Structures are given as C-alpha cells and as structure tokens.
Amino acid sequence: MSQFKSDFLNILSSRGFIHQISDPEGLDAVAKAGTISGYIGFDATAASLHAGSLVQIMMLRWMQKTGHRPIALMGGGTTKIGDPSFKDEARKLLTVEQIAANLAGIRQVFSKFLTFGDGSTDARMVNNADWLDHLNYIDFLRDYGVHFTINRMLSFDSVKLRLDREQPLTFLEFNYMILQAYDFLELSRRESCVLQMGGSDQWGNIVNGIELGRRCDQRQLYALTSPLLTTSSGAKMGKTMSGAVWLNADMLSPYDYWQYWRNSEDADIGRFLKLYTELPLDEIAKLAALGGSEVNEAKKILATEATTMLHGREAALQAAETARRTFEEGRSAEGLPTISLDLAEGTGILAALVAAGFASSNGEARRSIQGGAIRVNDQAIADDKLRLTRESCNAEGVIKLSMGKKKHVLIKAQ
C-alpha cells in the first residue's frame with residue numbers, strides 16, 4: 001500500500017519512478033488538493049533525445065494522466081553552457097544554429113507522449129532562452145548571486161566528484177546550477193509551476209531552485225527525482241554497443257527500437273514494463289514471473305508496448321511481425337534496416353560489417369567471423385576475405401547480413 005494520497009505520487013511510487021522528494025507530505029497534499037504544474041528540463045545537445053530520457057518523459061505523461069499540467073522546458077539557453085553534473089570534462093560548446101536545429105529535432109518526441117493546448121491540464125513547452133538570453137549580467141548577479149554561496153556549491157556531489165578527480169571545472173560551467181535554479185524561479189512566476197523533476201543527479205541543482213524561490217518570492221516549491229537507471233548488467237539506459245537508442249524515427253528505425261526492448265535482459269523485464277509501458281501492475285506481475293523460454297513472450301510485449309508509445313501501434317505491430325518472420329521463419333523481410341553498398345565493384349565482408357554497425361573496426365568484424373557469428377543470406381561464413389557483389393543477392397535482390405540470431409541488415413546495391 002502506497003503512503004501517498006494523491007493519484008500522481010501513488011502511481012509514480014508504485015511504478016518505481018521515485019528516488020527522492022524534498023517534502024513528500026507537502027507535495028502529496030497539493031497534488032491531492034488540485035491541479036499543479038511541474039516541469040523537467042531537456043538540454044539540446046543532440047538532434048534527438050535517446051531512451052535514457054524516457055523515464056523523465058513518462059513522468060510528465062503520468063503527471064498529465066493524473067490531472068496535472070506538465071511543462072517540457074527546452075534548454076535553448078542552458079545548452080550554451082552545458083550541465084557539468086557528474087562529468088569529467090566540459091561539454092563541447094554548440095553554436096546557436098546547432099542548438100536551434102537540435103531543439104527542432106527533440107520537440108517532435110513530446111507530442112507522442114503529451115497533449116498540448118491551452119486547457120488547465122494541457123502540456124506546455126517553453127524555452128529558457130526566452131529569459132536567459134536577455135539577462136543583464138550585473139543586475140542578475142546583484143539580484144540572485146547573493147543567494148548562492150561558493151561553500152555550498154562546492155559541497156554538491158556533482159562538483160565534488162569533478163574536483164576530486166582533479167578535472168578542471170570552468171567558471172562557465174559553475175554558472176549552470178545558478179541558471180537552472182533561476183529557471184525554476186522564472187517558471188514559478190510565469191507558469192505557477194511548483195515542482196521540478198529530473199534524474200537523481202539533478203538533486204542539488206533542483207534544491208538550489210527551491211531555495212531561490214523561498215528566498216526571493218517566499219514560494220513553496222518541490223523537488224522529485226527518479227533513480228538513475230542501468231540495466232541489470234550495469235549498462236547505461238539508452239546506449240548499446242552500436243550507439244545511442246534515439247527516439248526520432250529518422251535516427252533509429254521503429255524496427256531497431258523494437259529490437260532494443262526485445263533484447264532486454266531477463267531480470268529487467270518487470271521493472272521496464274512498469275516504467276516504459278502503461279500496462280496494469282497486476283498484468284506486469286504475471287509477465288515478470290514468467291521463466292524459461294516464456295520470458296521471451298514478456299520481452300515481445302515490452303517491445304511492442306514501448307514502441308507503440310513512441311511510434312504508434314501500427315509501426316510496433318509491423319516491427320513485431322518483421323521480427324517474427326525473420327527469426328521464426330528464417331527468411332528476409334520487408335522492414336529490416338537497410339544500407340546501400342557498392343556491389344558492382346564489390347564490398348569486402350569486413351567493411352560491410354562495419355557499415356552495418358555490427359562491428360566498430362575490421363579487427364572486431366574479423367573476430368566475429370572467426371567466432372562463427374556471421375551469416376550471409378542465412379549461410380554461416382568463415383572467409384573474412386569474402387566480397388559481396390550483385391551475385392551475392394538473394395531472390396529478393398538484396399543481401400541479408402546477420403550477426404547472431406537477433407541482428408540483421410539488408411544490403412542493397414548503391
């Protein structure tokens with residue numbers, strides 16, 4: 001039985017989203033009493049968010065589904081600095097044009113999870129460049145710099161860890177936590193926002209904002225953080241051997257996205273179903289209890305439900321069917337990821353494996369062949385000097401390149 005009275009915190013708690021809350025009783029009371037506004041910030045460091053951001057996006061979604069108003073804050077201003085939290089070195093500084101392009105890319109995802117509009121519980125998207133770009137430095141320091149002590153800022157783990165490793169922390173980056181705190185104050189004034197959410201690594205930055213709201217406006221603000229997730233084997237969420245698991249379809253196909261969830265480790269299924277789907281908890285408990293080969297059915301349900309959330313039911317079912325035809329019937333199928341290579345002159349198998357993302361170097365590709373993991377048109381190959389040509393194409397006019405049972409790419413002639 002959850003200790004919370006509000007639907008919002010009750011659901012977040014029961015599904016595993018909560019790591020820390022600054023004032024659990026206070027936040028629970030205001031969430032029970034009426035509609036509240038809460039936000040999460042997303043810096044525009046790439047043209048798409050990846051699966052590591054999904055927990056935060058789902059928190060905003062549950063906020064809206066329980067009758068509250070979520071705010072997605074785009075970091076058009078803070079991206080110009082970069083969050084130093086728990087990083088060994090400064091982020092590469094992006095140009096204004098790069099940031100604008102990245103913002104355009106990551107905005108696409110939110111409409112899949114949130115309903116935007118002007119209603120009391122409709123989501124809002126705002127950009128902190130709207131106020132940060134116009135700050136007068138001297139006035140800002142006089143009005144807000146007095147509320148931050150260097151002593152306290154140095155005590156935060158995110159700063160201490162960088163200094164303990166004797167890695168430089170620039171004054172530019174040091175300003176990030178002040179600007180994030182100021183974002184919270186601005187949103188409380190502009191949008192009556194009382195809650196900031198984020199990953200547990202953001203706790204210190206969020207608490208700074210609560211303190212600033214209390215000192216400047218005597219406002220009662222709240223913090224809620226989610227646990228930083230890794231897979232059971234310790235890998236970071238949203239990353240694979242071949243790169244980031246992007247949320248934009250033009251950067252990662254719905255099929256590859258489906259496969260990412262299908263390949264989840266057995267021990268993660270129950271936790272991932274709670275976080276990344278909206279299936280009822282009793283149904284999740286039954287799926288999580290499956291053992292042996294039956295756990296694969298739970299993985300397929302996870303993959304289809306998670307893909308539906310992002311790409312829609314039709315794309316998810318198509319990805320599931322493509323996987324079934326490929327793995328269960330052992331034949332190539334429409335919908336597999338496709339790359340184009342020079343088959344007229346011929347392309348070496350090692351180069352093809354690198355191009356397909358199955359290996360990061362010729363040496364790694366050669367080891368995969370020596371280990372018996374590589375197949376061309378479902379035939380195992382042992383020759384690392386094999387060249388793929390037009391004659392290698394199957395009846396469908398493509399070459400099906402496979403690594404193990406789960407990784408497949410179709411190669412077409414350029």
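Below, all heavy atoms of this structure are taken into account, side chains as well, without hydrogens, waters or symmetry copies. Everything quoted here is computed from the prediction, not taken from an experiment.
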Using a strict cut-off of less than 4.0 Å between a Lys/Arg side-chain nitrogen and an Asp/Glu carboxylate oxygen, indicate whether K286 and E283 qualify as a salt bridge. no
Does R152 come within less than 4.0 Å of E211, counting only side-chain N to carboxylate O? no
What distance separates T66 OG1 from F8 CZ, expressed to the nearest 0.5 Å? 6.0 Å
Could you report the tightest heavy-atom contact between S13 and I18, atom names first, then the distance? N-CD1, 3.7 Å
In this structure, are over 12 heavy atoms from other groups packed under 6.0 Å from Q218 atom CD? yes
To the nearest 0.5 Å, atom CG of L12 lies from atom CE of M63 at 9.0 Å
salt_bridge(R189, D217) N-O dist < 4.0 Å: yes
Scan Q56, Q20, Q202 and name whichever one has a side chain to side chain donor-acceptor pair (under 3.5 Å) with S226. Q56
Taking atom types as modelled and ignoring hydrogens, do the side chains of T121 and Q64 form a donor-acceptor contact shorter than 3.5 angstrom? no
Would you say the side chains of D28 and S6 form a donor-acceptor pair under 3.5 Å? yes
So, K299 and D266, do they make that salt bridge, N to O below 4.0 Å? yes
For the residue pair W261 and F272, categorise the inter-ring angle as parallel (less than 30°), tilted (30 to 60°) or perpendicular (more than 60°). perpendicular
Separation of D183 CG from Y39 OH (nearest 0.5 Å): 5.0 Å
Of all heavy-atom pairs linking G105 and N248, the shortest is O-ND2, 2.9 Å
How close do L401 and V376 get, heavy atom to heavy atom, and via which atoms? CD1-CG2, 4.0 Å
Does any part of the side chain of I369, heavy atoms only, come nearer than 4.5 Å to the side chain of L350, both counted from C-beta? yes
How long is the gap from CZ on R15 to CE on M58, to the nearest 0.5 Å? 7.0 Å
Any F110 side-chain heavy atom under 4.5 Å of L49 side chain: yes
Could you tell me how the ring of F140 sits relative to the ring of Y144: parallel (under 30°), tilted (30 to 60°) or perpendicular (over 60°)? tilted
Output every pair passing ring pair (Phe, Tyr, Trp, His ring centres under 6.0 Å) with a member in residues 204-229, not counting sequence neighbours, ordered by first then second residue. none
Do E305 and L273 have side chains that approach each other closer than 4.5 Å (heavy atoms only, starting at C-beta)? no
Has the side chain of T79 got a donor or acceptor atom that lies under 3.5 Å from a matching backbone atom of A44? yes
